[in-house]
Amino acid sequence: MIPIAKPLLGKEEIDAVTEVLNSGMIAQGPKVEEFELAFSEYTGCEYAAAVNSGTAALHIALLAHGIGKEDEVITSPFSFIATANSILYTGAKPVFADIESDTYNIDPERIQEKITPKTRAILPVHLYGHPADMKAIMEIAEDNKLIVIEDACQSHGAECLGKKVGSFGTGAFSFYPTKNMTTSEGGMLTTNDKEIAEKAKMIRAHGSKVRYLHEMLGFNLRMTDIAAAIGLIQLGKLDGFTATRQKNAETLSAGLKGISGIVPPIAKADCTHVFHQYTVRAEKRDQLAAFLKEKEIGTGIHYPISIHKQPVYKELGYRDSLPVSEKATEEVLSLPVHPALSRTDLQEIVEATKEFYAKD
Ligand SMILES: *Cc1c(COP(=O)(O)O)cnc(C)c1O
């Protein structure tokens with residue numbers, strides 16, 4: 001079976017973990033600090049705060065900006081549920097703006113329409129590794145005095161206008177095993193604002209800077225040194241992983257060119273796409289997925305249900321009509337693009353897809 005995702009972990013990661021275990025310092029400690037410094041430098045941000053998941057990074061980012069009850073946050077309905085849930089956790093209301101049909105990212109024009117006096121922030125997602133339209137989004141934010149929190153959980157190292165994602169507003173990254181780099185579970189908040197960084201570090205540790213002095217309500221959302229040790233090695237490999245993902249994407253697009261049932265992914269000018277997913281729009285999507293499965297090729301649907309249509313959101317009273325997002329849920333299919341694929345794997349994916357569309 002060719003899997004849809006596979007973390008690439010080697011001897012360096014194993015040695016780094018062993019070193020931490022032998023040190024006896026296995027919770028948050030010096031490795032976390034070292035990882036934060038390396039990650040902030042990588043993204044071109046002044047500060048970074050490591051946490052135990054991407055969800056935690058989003059949640060803390062919103063809290064650190066003081067977002068809560070009575071506030072509205074405009075976000076994408078076409079994402080992993082954590083994006084919108086992080087807003088709900090704070091007591092604020094997620095407001096969904098429909099997406100662009102070519103990048104699947106939030107559409108700036110639709111954001112404009114959703115702004116009300118209660119709007120406090122915009123939370124774009126850089127979906128599949130393709131940056132959202134940050135030029136337009138930052139302009140809207142500036143004109144309306146809104147905070148920008150970037151869900152960069154799928155886009156480590158992606159650039160927009162020559163700047164890394166996560167450095168436009170407050171960034172949130174995930175290091176879950178399927179992401180472009182991993183720490184097992186883990187996440188990171190990035191910012192250029194000293195006060196936000198300090199608040200984030202307090203919120204992740206029960207609202208304290210000084211032990212047993214709790215200045216605000218916080219949680220236990222810390223990263224361990226074990227995870228940070230893996231992260232430091234993976235960060236060093238990230239640009240290599242990304243180059244392989246981009247090359248694999250190029251091979252897939254060249255192979256799939258001319259198949260009329262497939263719309264391959266695009267990369268807009270001024271953007272680098274880091275291909276967390278290689279997602280096509282496919283005619284007879286579900287039949288194609290079943291056919292590929294029979295050929296031992298794993299695929300994924302990211303995402304089969306728009307967030308506003310999830311039972312948990314319907315229960316909250318969401319009744320939006322977001323046609324571009326809803327159509328995408330019926331047509332998208334992610335093909336394997338991860339750096340553990342061989343040339344033969346890529347050929348097999350292309351050949352099987354061609355065979356499916358040649359059948360009738
Ligand atoms: C993975 C992901 C998250 C959540 O990250 P976790 O580390 O799994 O909590 C949030 N948003 C998006 C877009 C993601 O892909």
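Side-chain atoms are counted along with the backbone in the values below, which use heavy atoms only and exclude waters and symmetry mates. Every number for a ligand or one of its atoms is a count from 1 in the order of the listing.
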Worksheet entry | Atom indices of ligand 1 within 4.0 angstrom of Ser53 heavy atoms, with elements | 7 (O), 9 (O)
Worksheet item: Which pairs with one or both residues in residues 214-230 pass salt bridge (Lys or Arg N to Asp or Glu O under 4.0 Å), sequence neighbours excluded?
Response: none
Fill in: Under-4.0 Å heavy-atom contact with ligand 1, by part of Val125 that carries it
side chain
Worksheet item: Does Gln154 reach ligand 1 with a nitrogen or oxygen that is under 3.5 Å from one of the ligand's nitrogen or oxygen atoms?
Response: yes
Item to complete: Give the residue and atom name of whichever protein heavy atom lies nearest to atom 11 (N) of ligand 1, and the separation in Å to one decimal.
Response: Asp151 OD2, 2.8 Å
Worksheet item: His302 and Tyr104: aromatic ring centres closer than 6.0 Å?
Response: no
Worksheet, complete the sentence: atom 2 (C) of ligand 1: closest protein heavy atom, distance to 0.1 Å, is Lys179 NZ, 2.6 Å
Worksheet item: Would Glu331 and Arg281 pass as an ion pair if we require N to O under 4.0 Å?
Response: yes
Worksheet item: Short list, please: which atoms of ligand 1 are under 4.0 Å from a heavy atom of Ala82?
Response: 4 (C), 10 (C)
Worksheet item: Got a salt bridge between Lys31 and Glu34, using NZ or NE/NH1/NH2 to carboxylate O under 4.0 Å?
Response: yes
Practice prompt. Name the closest protein heavy atom to atom 4 (C) of ligand 1, giving the residue it belongs to and the distance to 0.1 Å.
Written response: Thr55 OG1, 3.6 Å
Fill in: Which of the ligand 1 atoms, numbered from 1, are nearer than 4.0 Å to a heavy atom of Ser79
13 (C)
Item to complete: List every atom of ligand 1 that sits less than 4.0 Å from any heavy atom of Gly54, numbering the atoms from 1 in the order shown and giving each element.
Response: 5 (O), 6 (P), 7 (O), 9 (O)
Discussion item. Centroid separation under 6.0 Å, is that true for the rings of Phe39 and Phe175?
Written reply: yes
Worksheet entry | Heavy-atom donor-acceptor pair, His338 side chain to Pro3 backbone, under 3.5 Å | yes
Worksheet item: Taking only heavy atoms of Ser174, which atoms of ligand 1 are found under 4.0 Å from at least one of them?
Response: 1 (C), 5 (O), 6 (P), 7 (O)
Worksheet entry | Atom CD of Glu195: over 12 foreign heavy atoms under 6.0 Å | no
